[in-house]
**Student:** 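Here it is: the structure, laid out below.
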Amino acid sequence: MNILVTIDKNYLPPLLVALDSIGKSNRDSHIDAYVAHSKLTQEDFDKLDDVTANYDITVIPIKLDDDLFENTPVDDRLSKETFYRLLAFRFLPESVEKCLYLDPDIYVLRSLEPLYNIDMGDNIIAAASHTYSFVEKLNHVRLKMGKNSKYINAGIMLMNIAEMRKCTTVEKIMTYVNENIQKLYLADQDVINALFWDKTIDIDEKLYNMDEKTLKRYKKDINYVKENTVIVHYNGKYKPWLKGYKGVLDCFYPPVENKGPVPKSKIKSRVKSTVNLLKLNKQQRIVVWSALAFWAVCLVLYFKFGKGLWAVVKDPVVFKTYLDGFGGFDRVIFVLIRAAQTVVKFIPAEPLEIGSGYAYGVWGGLFYCMLGSLLGSFVILALTKFFGKKIVDIFVPTSKLESMALFKDDQKLYSMVFILYLIPGTPKDIFTYFVGLTPIKTVPFMIIASIARIPSIVSSTWCGATLSDKNYLFAAIIFIATAALGVLGGVIYNKISNRNKEKKQIKSGEA
């Protein structure tokens with residue numbers, strides 16, 4: 001068996017006890033115990049060798065250099081040791097295809113062979129869950145895990161190292177950590193669950209990860225543990241080698257003569273950790289304050305002009321009168337309103353387009369609507385190119401993010417943009433936010449999107465122009481036809497989107 005432990009010097013005494021318990025309960029097994037560390041000395045390893053001398057256990061030191069962690073976001077909360085388990089596939093010898101990771105704060109009561117010989121197939125992790133009900137659901141949402149997945153405790157894990165080498169890289173892990181660092185309340189355990197939830201086997205916590213909470217939850221007693229449990233896990237604040245242990249499972253732990261002090265309350269450290277966790281970096285501060293300032297301006301404008309503007313826009317006759325009140329600047333005002341409406345959907349686009357047709361005719365309305373859309377689209381692209389996905393999350397509901405998948409095929413990017421902007425009824429301005437996150441060039445996008453928008457805008461300006469001529473029957477026909485095309489366009493868009501999702505699921509299944 002291959003066993004992996006990752007420790008700093010403070011956990012050497014518990015590791016000595018853990019290895020002794022492994023040796024006693026696994027006398028018929030040869031064990032290679034890999035000890036990943038950065039500061040243990042030869043004297044420390046001499047102590048480990050002394051403990052394992054009577055057993056078929058070979059202790060193999062793995063000194064981890066700082067170079068391996070040069071891209072890790074190490075701080076007071078996330079130490080280098082945090083990432084040791086995550087990168088096991090990188091530093092373990094190529095000959096190691098599977099290993100059992102064990103925290104040092106454990107005591108092994110019987111053979112580990114049944115756990116070690118679980119058939120993992122192409123799964124990466126086999127571990128037990130310690131969370132239930134609300135906390136489990138919260139973890140699913142927080143880490144975007146599958147609905148029926150289990151949030152596992154990473155203190156005892158059977159790791160399919162060979163499969164891990166196929167499925168992930170150090171770069172992939174570090175990218176995830178850096179992009180999601182503020183949601184990683186439990187550091188690398190969160191990362192393991194987030195990245196491998198769909199390749200995890202759930203094992204029985206009563207057998208392989210028994211702690212005080214599990215003992216109480218399942219209403220078991222010491223006799224059950226003696227007869228069935230393989231691994232007792234002393235996770236949490238209270239430890240058998242410290243004073244003030246709360247529980248009954250310390251009866252399995254060897255007597256400790258000079259116990260350490262009672263653990264201090266973790267409330268202060270947890271508050272500090274949470275503050276550090278939520279602390280914004282420079283870019284996030286820029287995004288947040290810019291967004292707050294922007295929305296403050298929007299609210300002021302809405303309450304000062306917005307309600308009145310909507311009342312004006314929805315009636316083409318009133319809208320034309322409103323624009324006429326600006327004299328020679330009426331067209332400038334309309335373009336600015338159209339641009340603002342493109343960036344933030346504070347009023348619908350269609351009444352605005354109908355109003356422009358009423359005020360300026362079919363082609364005049366088309367020209368000014370296009371000009372406003374171009375200006376608004378340029379603002380959106382500038383925001384998304386500068387701030388990235390975070391600005392999209394501010395302006396566009398999260399539920400819309402599935403549409404992003406339509407723009408991930410670089411080879412068909414420009415043709416997809418043309419088709420989606422051509423179809424009536426599609427959320428074109430929302431698409432523009434997503435387009436800003438792709439490699440698409442600004443000028444080609446502006447040209448393609450503008451040409452594709454023409455039929456949809458013309459149908460609305462034409463409707464407005466016929467209203468201006470008091471041809472109400474024809475205007476009604478155009479309006480109904482436009483609405484029908486919008487519904488049809490929505491159906492087509494949904495089919496394209498669903499087809500794309502199916503292709504993505506098929507590719508994921510093949511992978």
Side-chain angles (χ1 to χ4, degrees), residues 1-6 18-19 21-34 36 55-58 60 84-90 92-132 136 145-146 148-168 188-189 191-211 214-215 217-218 220 224-233 235 511:
M1 287 189 290
N2 298 311
I3 287 177
L4 171 65
V5 292
T6 61
L19 285 176
S21 71
I22 292 171
K24 287 178 180 176
S25 55
N26 291 266
R27 292 184 181 275
D28 296 330
S29 302
H30 172 72
I31 296 173
D32 285 334
Y34 293 92
Y55 311 118
D56 193 5
I57 298 177
T58 303
I60 305 172
Y84 286 2
R85 287 179 294 192
L86 281 171
L87 305 184
F89 68 96
R90 172 74 175 271
L92 285 172
E94 285 294 323
S95 59
V96 176
E97 296 188 349
K98 178 168 68 172
C99 77
L100 178 60
Y101 171 83
L102 298 171
D103 275 350
D105 56 350
I106 62 166
Y107 198 82
V108 178
L109 300 178
R110 47 185 40 85
S111 175
L112 295 170
E113 290 281 359
L115 172 60
Y116 192 82
N117 292 321
I118 288 175
D119 182 8
M120 297 190 72
D122 62 352
N123 291 293
I124 290 176
I125 302 291
S129 174
H130 276 170
T131 58
Y132 298 88
E136 185 83 0
M145 296 170 62
N148 296 320
S149 60
K150 292 283 189 179
Y151 182 92
I152 59 99
N153 175 271
I156 290 116
M157 294 188 297
L158 184 62
M159 304 176 73
N160 189 341
I161 300 297
E163 191 66 27
M164 205 171 184
R165 290 184 180 123
K166 295 178 186 177
C167 296
T168 193
D188 65 326
Q189 180 168 286
V191 180
I192 290 168
N193 278 278
L195 293 180
F196 307 127
W197 61 265
D198 58 341
K199 286 185 172 292
T200 297
I201 298 173
D202 185 36
I203 61 176
D204 191 339
E205 63 186 303
K206 299 190 299 300
L207 300 182
Y208 301 115
N209 204 332
M210 175 65 84
D211 62 1
T214 302
L215 190 71
R217 182 181 296 117
Y218 290 100
K220 301 297 182 181
Y224 174 89
V225 178
K226 288 180 180 178
E227 295 170 4
N228 299 280
T229 296
V230 177
I231 304 173
V232 176
H233 191 186
N235 57 1

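The shown structure was predicted, so the numbers you read here are calculated from the model rather than taken from an experiment.
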**Student:** With a 4.5 Å limit on heavy-atom distance, are the side chains of Cys167 and Phe89 in contact?
**Tutor:** no

**Student:** Counting C-beta onward and ignoring hydrogens, is there a side-chain heavy-atom pair between Leu207 and Asn228 closer than 4.5 Å?
**Tutor:**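 Yes - at least one pair of side-chain heavy atoms lies under 4.5 Å apart.
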
**Student:** Do you know which two heavy atoms are closest between Leu4 and Cys99, and how far apart they sit?
**Tutor:**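 Scanning both residues, the minimum pair turns out to be CB-SG, 4.0 Å.
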
**Student:** Would you check, one step at a time, whether the test side chain to side chain contact (heavy atoms under 4.5 Å, CB included) holds for Leu86 with Ile192?
**Tutor:** CA-CA 7 Å; Leu86 281 171; Ile192 290 168; 3.6 Å; yes

**Student:** Under a 3.5 Å distance rule, please check whether Asp211 uses its side chain to pair with a backbone N or O of Thr214 as donor and acceptor.
**Tutor:**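 Yes: the side chain of Asp211 pairs with the backbone of Thr214.
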
**Student:** Verify, without hydrogens or angle tests, whether Arg85 (side chain) and Ala154 (backbone) share a donor-acceptor contact under 3.5 angstrom.
**Tutor:**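 Yes, because the side chain of Arg85 sits within donor-acceptor range (under 3.5 Å) of the backbone of Ala154.
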
**Student:** Measuring from atom CD1 of Ile60 to atom CD1 of Ile31, what distance do you get when rounded to the nearest 0.5 angstrom?
**Tutor:**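 So the gap between those two atoms works out to 11.5 Å.
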
**Student:** Which heavy atom of Ala33 sits nearest to which heavy atom of Leu19, and what is that distance?
**Tutor:** CB-CD2, 4.3 Å

**Student:** Minimum heavy-atom separation for Trp197 and Ser149, please, with both atom names.
**Tutor:** CE3-CB, 3.7 Å

**Student:** Are the side chains of Ile22 and Leu102 in contact, using a 4.5 Å heavy-atom criterion?
**Tutor:** yes

**Student:** Does some side-chain heavy atom of Thr6 sit less than 4.5 Å from a side-chain heavy atom of Tyr101?
**Tutor:**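 When only atoms from C-beta onward are counted, Thr6 and Tyr101 do touch, with a gap below 4.5 Å.
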
**Student:** Does any part of the side chain of Met159, heavy atoms only, come nearer than 4.5 Å to the side chain of Ile125, both counted from C-beta?
**Tutor:** yes

**Student:** Would you name the heavy atoms of Pro104 and Ala18 that are closest together and state the gap between them?
**Tutor:**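 Smallest heavy-atom distance, with atoms named: O-CB, 3.6 Å.
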
**Student:** Please evaluate residues Leu92 and Ile161 with respect to the criterion side chain to side chain contact (heavy atoms under 4.5 Å, CB included), reporting the C-alpha separation (whole Å), side-chain torsions for both, the decisive distance (0.1 Å), and the verdict.
**Tutor:** CA-CA 9 Å; Leu92 285 172; Ile161 300 297; 4.1 Å; yes

**Student:** Applying salt bridge (Lys or Arg N to Asp or Glu O under 4.0 Å), which residue pairs with at least one partner in residues 104-132 are found, sequence neighbours left out?
**Tutor:**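 Pairs touching residues 104-132 that pass the test: Asp105-Lys239, Asp122-Lys199.
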
**Student:** Of Asn193, Ile124, Ile152, which meets side chain to side chain contact (heavy atoms under 4.5 Å, CB included) against Thr200?
**Tutor:**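 Of Asn193, Ile124, Ile152, side chain to side chain contact (heavy atoms under 4.5 Å, CB included) with Thr200 is met by Ile152 alone.
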
**Student:** Testing the basics here: between Met120 and Ala126, what is the closest heavy-atom pair and its distance to 0.1 Å?
**Tutor:**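 Taking every non-hydrogen atom into account, CE-N, 3.6 Å.
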
**Student:** If we ignore hydrogens and angles and just use 3.5 Å, is the side chain of Tyr116 paired with the main-chain N or O of Lys98 as donor and acceptor?
**Tutor:** yes

**Student:** Is there side-chain contact between Met210 and Tyr224, with heavy atoms separated by less than 4.5 Å?
**Tutor:**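 Yes; the side chains approach each other to less than 4.5 Å.
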
**Student:** Ignoring hydrogens and angles, tell me if any N or O in the side chain of Asn26 forms a donor-acceptor pair with the backbone of Leu112 under 3.5 Å.
**Tutor:** yes

**Student:** To the nearest 0.5 Å, tell me how far Asp28 CG sits from Asp56 CG.
**Tutor:**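 Here the interatomic distance stands at 10.0 Å.
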
**Student:** Heavy atoms, side chains only, cut-off 4.5 Å: are Tyr208 and Leu158 in contact?
**Tutor:**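 The answer is no; the side chains never approach within 4.5 Å.
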
**Student:** For Lys226, which residues count as a salt bridge (charged side-chain N to carboxylate O under 4.0 Å, His left out) partner, sequence neighbours excluded?
**Tutor:**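 Once residues adjacent in sequence are excluded, Lys226 has no partner under the salt bridge (charged side-chain N to carboxylate O under 4.0 Å, His left out) criterion.
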
**Student:** Say you draw a straight line from OG1 of Thr229 to CG of Leu215; how long is it, rounded to the nearest 0.5 Å?
**Tutor:**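 It comes to 8.0 Å.
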
**Student:** Measure the spacing between CZ of Arg90 and OG1 of Thr168 and express it to the nearest 0.5 Å.
**Tutor:**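 Between atom CZ of Arg90 and atom OG1 of Thr168 there are 11.5 Å.
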
**Student:** Would you confirm whether Thr58, through its side chain, and Asp32, through its main-chain N or O, come within 3.5 Å as a donor-acceptor pair?
**Tutor:**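 Looks like no, no N/O pair under 3.5 Å.
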
**Student:** Do Val232 and Val225 touch side chain to side chain, with heavy atoms closer than 4.5 Å?
**Tutor:**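 Side chain of Val232 against side chain of Val225, heavy atoms only: contact under 4.5 Å found.
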
**Student:** Ignoring hydrogens and geometry beyond distance, is a side-chain donor-acceptor pair present between Asn209 and His233 at under 3.5 Å?
**Tutor:** yes

**Student:** Going by the side chain to side chain donor-acceptor pair (under 3.5 Å) test, which pairs reach into residues 154-165, not counting sequence neighbours?
**Tutor:** none

**Student:** Pair Met1, Leu100 - check side chain to side chain contact (heavy atoms under 4.5 Å, CB included), show working.
**Tutor:** CA-CA 8 Å; Met1 287 189 290; Leu100 178 60; 5.5 Å; no

**Student:** Quick one: closest heavy-atom pair of Ser25 and Val108, and the distance?
**Tutor:**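 Where Ser25 meets Val108 most closely, the heavy atoms are OG-CG1, 3.2 Å.
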
